[in-house]
2 protein chains.
Amino acid sequence: MQNDIREARKTLEDFEIENGSSDEIDDETLFIVTQTFKALGDPTRVRILHLLFKKECSVNEIADTLDIRQSTVSHQLRFLKNLRLVKYRRAGTTLFYSHDDEHVMLILEQMINHACHS
Amino acid sequence: MQNDIREARKTLEDFEIENGSSDEIDDETLFIVTQTFKALGDPTRVRILHLLFKKECSVNEIADTLDIRQSTVSHQLRFLKNLRLVKYRRAGTTLFYSHDDEHVMLILEQMINHACHS
DNA sequence: ACGATATATGAACACATTATCATATACGCA
DNA sequence: TGCGTATATGATAATGTGTTCATATATCGT
């Protein structure tokens with residue numbers, strides 16, 4: 001436990017060194033950061049991403065599994081796609097979605113872990 | 001680069017193993033996760049947290065440094081305090097705020113790094 | 001107790017977000 | 001070409017969010 005905290009702090013300092021002690025965040029970076037976190041700030045999108053973390057899914061599969069309307073799923077997938085957090089491949093009339101940003105998925109799973117172990 | 005991705009995937013799999021392949025996220029965890037990400041999904045709050053990452057600050061110091069009204073800063077600090085993302089110590093009439101969740105700060109700095117290196 | 005300064009709070013407004021319904025589009029197949 | 005299924009889109013209504021102004025509270029020094 002104590003070790004975890006010290007480990008985290010060490011990594012934070014590493015970032016500072018890497019960045020050359022970044023002062024204020026530039027506007028473009030700030031925009032991307034907040035947009036991405038906004039994407040993760042909604043239960044529906046988190047559930048979809050968490051599902052896609054485990055396996056590629058069609059739109060209807062997502063809707064059925066999570067008990068969300070197809071239209072809602074589609075809207076949220078477009079949102080996630082614009083941020084390049086998901087991608088899809090076509091198979092006939094069916095679209096199979098999967099995640100497209102390993103780093104963000106790692107962050108999501110980290111947060112889920114952090115939240116349920118506390 | 002390629003190595004980074006493989007490293008991330010490995011860590012994701014580790015989470016799966018740790019969790020015993022968690023299927024759906026339970027409601028309470030989902031709530032905490034989305035609330036926390038929501039906190040990080042606003043430019044003002046991100047700027048405040050990023051500042052507090054570097055040093056403890058009084059409310060006015062934050063307001064002056066980031067050019068935000070005192071009232072706005074105070075409101076956002078309350079928001080962050082409710083989520084236990086920040087804490088404060090009193091020194092007379094001045095309140096010095098600092099961050100209070102190493103793990104979330106790590107995630108924030110990770111995302112900033114990810115965003116500006118892309 | 002009073003004035004000065006630091007911070008917090010509440011109400012109000014503008015704006016963003018989300019889910020839903022109805023409908024459109026796209027593809028495969030007979 | 002026309003039908004059935006899968007997905008996308010647009011408009012709308014309900015709700016949530018962020019900032020601001022005005023004002024309240026709190027602490028210190030005199």
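Worth knowing before you read on, the calculation uses all heavy atoms, side chains too, and leaves out hydrogens, waters and symmetry mates. The structure displayed is predicted, hence computed values, not measured ones.
As a whole-Å value, the separation of A:Gln76 CD from C:dT20 P is 11 Å. Atom pair A:His75:NE2 and C:dC21:C1' shows a separation of 10 Å (rounding to whole Å applied).
Think of the region where chain B sits on DNA chain D: with heavy atoms and a 4.0 Å cut, that region ends 5' and 3' at D:dT17 to D:dC28.
Among residues two or more places apart in sequence or in another chain, the ring-ring contact (aromatic ring centres under 6.0 Å, His included) test is passed with B:Tyr88 by B:Tyr97. Here A:Asp64 pairs with nothing under the salt bridge (Lys or Arg N to Asp or Glu O under 4.0 Å) rule; sequence neighbours left out. A:Thr44 pairs by the side chain to side chain donor-acceptor pair (under 3.5 Å) definition with nothing, not counting sequence neighbours. In this view, B:Glu56 and B:Arg89 satisfy the side chain to side chain donor-acceptor pair (under 3.5 Å) rule, not counting sequence neighbours. Under the side-chain contact (heavy atoms from CB on, under 4.5 Å) criterion, A:Asp27 pairs with no residue at all, not counting sequence neighbours. In this structure, A:Gln35 has no side chain to side chain donor-acceptor pair (under 3.5 Å) partners at least two apart in sequence or on a different chain. Judged as a side-chain contact (heavy atoms from CB on, under 4.5 Å), and not counting sequence neighbours, the contacts of A:Ile32 are A:Thr36, B:Ala115.
Taking the six-membered ring for Trp and thresholds of 30 and 60 degrees, B:His114 and A:His103 have ring planes more than 60 degrees apart, a perpendicular arrangement.
Shown here for A:His99 and A:Leu52, the closest heavy-atom pair between the two residues is CD2-O, 3.2 Å. Minimum heavy-atom separation, A:Leu49 to A:Leu85: CD2-O, 4.5 Å.
Proximity of a side-chain donor or acceptor of A:Ser74 to a complementary backbone N or O of A:Gln70 within less than 3.5 Å is not detected.
Contact check of residues 34-48 of chain B against DNA chain D (heavy atom, cut-off under 4.0 Å) returns B:Lys38, B:Asp42, B:Thr44, B:Arg45. Near DNA chain D, meaning a heavy atom under 4.0 Å from it, residues 63-73 of chain A has A:Gln70, A:Ser71 in order of number. Within residues 81-96 of chain A, the residues that place at least one heavy atom under 4.0 Å from DNA chain D are, in residue-number order, A:Thr93, A:Thr94, A:Leu95.
The ring pair (Phe, Tyr, Trp, His ring centres under 6.0 Å) contacts involving residues 30-49 of chain A comprise A:Phe37-B:Phe37, where partners must be two or more places apart or lie in separate chains.
Of the listed residues (B:Arg78, B:Arg45, B:Lys81), just one forms a side-chain contact (heavy atoms from CB on, under 4.5 Å) with B:Val86, and that residue is B:Lys81.
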